[in-house]
Amino acid sequence: MDYDVVIGLEVHIQLLTDTKIFCGCLTKFGDAPNTNVCPVCLGMPGVLPVLNEKVVDFGIKLGLATNSTISERNIFARKNYFYPDLPKGYQITQYDYPLCKKGFLEIDVDGGSKRIGITRIHMEEDAGKLIHDEKEDYSYVDFNRSGVPLLEIVSEPDMSSTKEAVAYLKELRQIVMYLGICDGNMEQGSFRCDANISVKPKGSSTYGIRTELKNMNSFRNVQNALEYEISRHVELIEQGKQVEQETRLWDAGLGVTRTMRTKEESHDYRYFPEPDLIPLIVDSVWIERVKKTLPELPREKRHRFAKDYGIPMYDAEVLTQQRDVADYFEACLKFIDAPKDVSNWIMTEVLRVLKEESIDITKFNVTPEMLANMIALIKKGVISGKIAKGVFEEMHRTGKAAYIIVEEKGLLQITDEGVLREKAKAILDSHPKEVKSYKDGKVQLLGFFVGQLMKETRGKANPKLANKVIKGLLEE
Ligand code: ADP
Ligand code: MG
Ligand code: ZN
């Protein structure tokens, strides 16, 4: 039998605010345990939370970027459960009245596009972190993360393949990074995803029973966990068994999912309105103020690059991966109108150097103007593409402009036919055997002679001209 796959994703993003959601403690990652804490985020009795306005700004930003309706009236709620990383015994979140509703985002898959519904986006606080030491019979708890602001983004069950799920996650991650509200780091957990998945007989209108998957800290893990789970569901159904509704953990080492707990229902949490916070009213003035700060979004930028600059979609995707790289690309085009050449250089050499030296493009010492001027030298035939690679390295090493390097090192391309002819003659004279073979019909030796000439000129001979000169001499 054939099956339809149904996937809905819940994503938690840690917000890049300086301080926590309900107190003034720093949100910094990696500080010594329990140093960024105070009575509020430690859940001491009698303390009162005060909402960080920046969290609301960020939530509105994401709501607008995902075509959501921003709620005017917001109520915070308590979600009650016991766990050692939750000192208050409840998490402050939003329940019936989330900040954003009924949004969507467009993903690009298999050459087409698809709209994925976003059910809701709400604000909440993060819990602390347990650290388990295998040698001890107790665990540690670090409350630095307790009270760090999160947005939870819940999608509709609109994805029908693992590919679509990954595309959705990539798009969403890129958006939150463009908005500057989250660093998108999946390994460190600032962008985390829980995946709900079910299968049903092809075409059936009723959903199958779903499981919820946790603990996937990379796109690859999400993909693998979902694929594993799809086969598991199908196998159970084929054996006439039932899928249990439960939460399962992905074990990346073993490549399997394991039962974590049976699925909790919302009534298990005894949600009720948070009595310590007044309703939050978001008026149209506030929304307008935030709207003005929205940048061009990644998908728009991607499509605009492909269309306006006539570069392949693949290039547009690579160049818009990060906003700063996209800006660098466009800055280059102010100095030279050659989008494809600029794109090639950024995608290969520039991104390679940035990666090797793990530097940010905003800190890259080869400025857009320098790169553009170097490309101009190639286009004008002053240097060859091959020589340019060395010039690029030298620009990066010394910070000098391309034309200065070319001058200092005598790298000008040789375009003087007379000069090349002289050198070519000498080469042919010293290879009489090869010349004879060529004349006897082994014409592929042309490449050999050209190679010798390039070597002789240390790559500076204009390749086209080198070809022409040698051919001319051999056929004389
Ligand atoms: P909960 O409160 O238990 O987390 P929700 O109704 O909020 O449940 O749904 C959580 C996520 O599960 C949503 O992203 C939704 O799209 C997805 N989902 C709901 N039903 C299914 C299903 N049958 N198969 C796959 N995903 C589903
Ligand atoms: Mg949920
Ligand atoms: Zn605090």
Side-chain angles (χ1 to χ4, degrees), residues 3-12 17-28 31 34-44 47-52 66 77 79 81 87-88 91-96 98 101-105 116-122 124-128 142-149 152-162 164-165 168-169 172 192-201 204-214 222 225-226 229-230 233 237 242-248 260-269 271:
Y3 294 89
D4 286 331
V5 170
V6 177
I7 300 170
L9 299 171
E10 292 166 274
V11 173
H12 286 89
T17 53
D18 296 329
T19 56
K20 295 185 178 179
I21 184 169
F22 298 123
C23 62
C25 294
L26 294 180
T27 52
K28 259 172 72 193
D31 279 356
N34 300 307
T35 50
N36 298 324
V37 292
C38 74
V40 174
C41 53
L42 287 175
M44 299 291 180
V47 294
L48 290 173
V50 178
L51 179 61
N52 180 344
T66 54
K79 178 179 180 179
Y81 64 94
K88 294 198 293 284
Q91 176 196 31
I92 304 180
T93 177
Q94 293 187 282
Y95 186 53
D96 292 327
K101 284 180 291 206
K102 296 199 174 87
F104 65 86
L105 57 86
I116 308 294
I118 289 178
T119 319
R120 54 184 281 151
I121 301 174
H122 67 253
E124 61 187 26
E125 57 180 341
D126 210 344
D142 174 9
F143 287 115
N144 282 352
R145 208 177 63 183
S146 161
V148 165
E152 176 171 346
I153 303 109
V154 182
S155 87
E156 290 290 309
D158 283 349
M159 287 150 278
S160 41
S161 66
T162 56
E164 286 180 13
Y168 167 87
L169 286 175
L172 182 61
R192 338 192 251 267
C193 152
D194 300 338
N196 295 270
I197 176 150
S198 63
V199 302
K200 61 181 173 66
S204 157
S205 57
T206 44
Y207 286 143
I209 293 171
R210 70 180 148 123
T211 51
E212 181 170 343
L213 307 181
K214 287 183 182 291
V222 171
L226 284 172
E229 198 61 9
I230 292 169
H233 284 213
I237 295 168
Q242 276 256 338
V243 174
E244 289 291 331
Q245 177 157 348
E246 61 183 1
T247 302
R248 297 176 70 87
M260 177 181 163
R261 55 170 189 249
T262 56
K263 179 81 188 134
E264 66 288 342
E265 301 284 341
S266 59
H267 61 248
D268 295 329
Y269 291 119
Y271 281 98

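Order of listing sets the numbers, starting from 1, for every ligand and every atom in it. All residue numbers in this chain count up from 1 along the given sequence.
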Please identify which atoms of ligand 1 are closer than 4.0 Å to at least one heavy atom of Val6. 24 (N), 25 (C)
For Leu9, the ligand 1 atoms whose distance to one of its heavy atoms is below 4.0 Å: 14 (O)
Indicate whether any N or O donor in one side chain lies under 3.5 Å from an N or O acceptor in the other, for [X] and [Y].
X	Y	result
Ser204	Asp4	no
Asn144	Asp31	no
Thr211	Glu246	no

From Glu10, Glu156, Lys200 - option closest to atom 4 (O) of ligand 1 by heavy atom: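 When every heavy atom of Glu10, Glu156, Lys200 is considered, Glu10 comes closest to atom 4 (O) of ligand 1.
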Between Gly208, Gly117, Ser155, flag the one that comes closest to atom 15 (C) of ligand 1 by a heavy atom.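 Ranked by closest heavy atom to atom 15 (C) of ligand 1, first place is Ser155.
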Within the 2.8 Å cut-off the protein N, O or S neighbours of the Zn ion (ligand 3) are Cys23 SG, Cys25 SG, Cys38 SG, Cys41 SG
Closest approach of [X] to [Y] (non-hydrogen atoms, all atoms of both residues):
X	Y	result
Leu213	Ala225	CD1-O, 3.8 Å
Arg210	Asn196	NH1-OD1, 3.0 Å
Pro49	Phe22	CB-CB, 3.6 Å

Please state which part of Ile209 comes within less than 4.0 Å of ligand 1, counting heavy atoms only: side chain, backbone, both or neither. neither
Once you restrict to heavy atoms under 4.0 Å, what part of Val154 touches ligand 1? Side chain, backbone, both or neither. side chain
List in chain and number order the residues that pass ring pair (Phe, Tyr, Trp, His ring centres under 6.0 Å) with Tyr3, two or more places apart in sequence or in another chain; answer none if no residue qualifies. none
Please verify the inter-ring angle class for Tyr271 with Tyr95; under 30° counts as parallel, over 60° as perpendicular, anything in between as tilted.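 Rings of Tyr271 and Tyr95: parallel, as their planes differ by under 30°.
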Do any nitrogen or oxygen atoms of Ile197 lie less than 3.5 angstrom from nitrogen or oxygen atoms of ligand 1?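 Between Ile197 and ligand 1, no N or O pair is found under 3.5 Å apart.
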Are any of the N/O atoms in Tyr207 less than 3.5 Å from those in ligand 1? no
From Lys88, Gln91, Lys20, residue fulfilling side chain to side chain donor-acceptor pair (under 3.5 Å) relative to Glu125: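 It is Lys88, the one option of Lys88, Gln91, Lys20 that forms the side chain to side chain donor-acceptor pair (under 3.5 Å) with Glu125.
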Can you find a heavy atom in the side chain of His12 that is under 4.5 Å from one in the side chain of Glu124?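 With C-beta onward as the side chain, the pair touches.
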